[in-house]
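As structure tokens, the structure follows; a few thoughts come after it.
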Amino acid sequence: MGKEEVDNTVEKEQSSFLQRIVEKDLEEGVYSREICTRFPPEPNGYLHIGSAYAINISYNIAKKYGGKFNLRFDDTNPLKEDKEYVDAIIEDMKWAGFDPGDRIYYGSDYFQKFYDYAVQLIEKGKAYVCDLSAEEIRQYRGTLTETGKNSPYRDRSVKENLDLFKGMKAGDFKTGEKVLRAKIDMKSPNINLRDPIIFRILHEDHYRQGDQWCIYPMYDYAHPLQDAIEGVTHSLCSIEFKDHRPLYNWTLEELELIEPPKQREFGRMNLTGVVTSKRYLRELVAEGLVDGWDDPRLPTLRGMRRRGYTPESIKHFLGEIGISKDESTVDVSMLEHSVREDLRDRAPTMMAVLNPLKVVIENYPEEENELLEVQNHPKDLTMGTREITFSREIYIEKEDFMEYPEKGFKRFAPSHEVRLRGAYFIQLTEIIKNETGEITELRCTYDRETKSGSGFTGRKPKATLHWVDAKNCENAEARLYDKLIEEEELLKDKTLSWEEKINTESLKILKNIKIEKALGEAKKEEKFQFIRQGFYTVDNKHTTEEKLIFNRIVPLKDSWKKGKK
RNA sequence: UGGGGUAUAGCCAAGUUGGUAAGGCAGCGGAUUUUGAUUCCGUCAUUCGUAGGUUCAAGUCCUGCUACCCCAGCCA
């Protein structure tokens with residue numbers, strides 16, 4: 001495919017409410033340091049389109065205001081995280097065009113600081129060690145409509161708390177035996193403020209810190225500190241963290257951190273026809289219902305990459321949908337539009353026949369074999385030309401012929417003369433069928449005068465068909481993808497099995513498509529337009545020397561088929 | 001009367017101090033076309049969840065109501 005592209009993605013000028021917040025802070029000189037945003041994934045899974053949405057927001061703000069962008073692994077829970085995921089996340093971000101450069105950080109690297117800050121809180125009388133069991137803590141917390149009540153350990157002395165907390169760190173207690181809690185307000189209508197736990201005991205090895213620690217900080221306490229430590233100014237996250245903001249601020253205020261970062265929230269983005277929740281994604285993969293995390297039907301970055309979506313089209317899509325505080329469910333057709341738009345200009349147009357039907361041109365000499373020059377792209381002449389061969393036997397698309405054409409059908413039929421793209425007009429002479437009545441071959445004649453490029457204008461063909469020379473083509477496999485999920489609502493239905501929720505038509509494999517010779521050389525991830533069919537890319541996972549596999553990225557728009565339905 | 005958030009077309013979404021509803025996707029019509037693609041041209045909200053109110057003027061301000069989303073992990 002084309003030249004190695006620089007990142008020339010046109011970022012749409014989107015005046016979001018987040019930009020306004022940053023601009024106001026800039027005007028008022030709220031921060032003496034430069035703007036800094038961050039993307040803080042927990043390394044417990046693969047990045048998906050929702051992650052890309054979040055990354056794009058923070059990445060663009062930093063870029064737009066000449067600030068910095070940090071990739072920070074929020075790895076404070078040793079039970080869930082793994083190096084495998086950090087590597088994958090970095091790789092996927094780079095692929096998507098969000099390169100964090102050397103600004104890659106790990107929340108777990110700040111464990112000592114979190115500990116020291118906790119000691120400060122204890123000394124201020126703002127945190128205490130609590131011996132209540134998990135179950136008791138839940139009961140004391142109250143419910144959505146009932147306030148909580150104070151823990152009997154709430155009023156321990158500073159000294160006792162300090163000793164106990166040191167003991168927690170030293171490993172004197174078992175997992176779950178004690179926790180450190182922030183002393184805020186058990187009667188707060190905001191449940192997050194009812195003396196939230198900020199450190200818990202976990203005798204587990206951390207993928208990065210090993211067995212150094214047996215106490216681990218909780219998200220609500222660690223996150224604001226991570227941001228502050230790194231000099232983040234604008235900590236942008238999704239809307240469900242809105243209720244956590246008071247705690248975020250509480251932590252920074254109690255610790256008297258200067259020019260504290262501010263958390264601001266944006267609405268979540270969902271896509272139709274696709275599974276975006278990490279939990280469901282994990283289930284699909286675990287149950288083997290899809291071909292791994294990079295299954296082309298999945299909205300993981302790896303899946304989208306394998307499907308053939310380009311980073312440029314993903315970024316363009318992200319720019320198009322905008323940002324708001326409202327939860328959105330964007331129609332996939334928007335994403336598909338971005339891909340078509342990108343590939344339309346960059347992908348060479350080649351010929352491939354998905355469901356081959358042999359056509360014998362009776363008046364074409366048996367041994368003859370001519371070379372035809374065709375353009376690699378209908379509009380971009382700089383993409384050059386190539387030669388394809390034409391001979392007595394070719395393949396056309398089965399569905400391009402109808403013995404009894406329905407109304408409106410303007411492809412090949414007994415009564416229609418059609419043009420073979422880049423070659424000649426052909427006319428039907430005979431239909432050959434097998435015992436079951438299925439058409440197995442067409443016999444035709446061609447008109448030498450109608451050769452493409454000859455300037456022939458005598459007759460207008462009904463249509464132009466794509467084809468492949470039967471004597472000089474290759475076989476390949478095509479995989480056609482469709483929505484994995486038909487109805488969003490089905491996902492939530494617990495009475496249904498995954499098999500019942502998944503669109504059984506979401507993957508169709510065509511084992512024996514015919515591709516023009518040049519396509520046989522296609523490399524993994526290379527992208528093409530199969531004329532009149534759609535955009536395709538070479539599968540980067542299962543393609544081998546012996547077996548070429550093309551993934552359909554997205555079909556071409558088709559006003560004919562649509563009209564029929 | 002737990003708390004918080006959000007309501008602008010089928011979908012996404014501008015609309016910032018009140019001045020007469022951007023844009024994109026999808027759709028629909030038509031022109032061009034050696035891809036039923038692309039491109040082009042046209043069309044697509046008398047109305048902003050809803051009911052009132054203030055005003056010369058309201059998507060923007062006020063009041064009530066409704067719908068949907070999030071929160072009761074020692075997850076993030």
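Residue numbers start from 1 in every chain, and the chains themselves are labelled A, B, ... in the order their sequence lines are given, proteins ahead of strands. Remember, predicted model here, so these are calculated numbers, not experimental data.
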Tabulated below should be each protein N or O lying under 3.5 Å from an N or O of nucleotides 69-72 of chain B; please produce it.
residue : atom : partner : partner atom : Å
B/C69   : O2'  : A/E327  : OE1          : 3.4
B/A72   : O2'  : A/R141  : NE           : 3.3

Roughly how many Å is it from CG in A/L381 to C1' in B/U38, rounded to a whole number?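 The answer, rounded to whole Å, is 15 Å.
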Can you list the residues that meet the side-chain hydrogen bond (donor to acceptor under 3.5 Å, both in side chains) rule with [X], with sequence neighbours excluded?
X: A/H244; result: A/D220
X: A/D342; result: A/T310, A/R346
X: A/D109; result: A/R208, A/Q209
X: A/E265; result: A/R245, A/Q263

By side-chain contact (heavy atoms from CB on, under 4.5 Å), which residues pair with A/K80, not counting sequence neighbours?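 A/E42, A/N44, A/N77.
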What residues form a side-chain contact (heavy atoms from CB on, under 4.5 Å) with A/S328, not counting sequence neighbours?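 Here the qualifying residues are A/M269, A/V330.
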With rounding to whole Å, what would you report as the distance between B/G5 and B/G23 at their P atoms?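 Looking at atom P only, B/G5 and B/G23 are 32 Å apart.
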When the nearest nucleotide of RNA chain B is assigned to A/F199 and to A/Y53 on a heavy-atom basis, which residue is associated with the more 5' position?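 Between the two, 5'-proximity favours A/Y53.
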Taking only the side-chain nitrogens and oxygens of A/R200, find out if one of them lies under 4.0 Å from OP1 or OP2 of B/C75.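 Yes, A/R200 has a side-chain N/O under 4.0 Å of OP1/OP2 on B/C75.
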Near RNA chain B, counting only heavy atoms under 4.0 Å, which residues of residues 446-466 of chain A show up?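 A/S452, A/G453, A/T464, in order of number.
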By ring pair (Phe, Tyr, Trp, His ring centres under 6.0 Å) - contacts of A/F39 (at least two apart):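 None.
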Report yes if some heavy atom in the side chain of A/E399 is under 4.5 Å from a heavy atom in the side chain of A/R411; otherwise report no.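 In contact.
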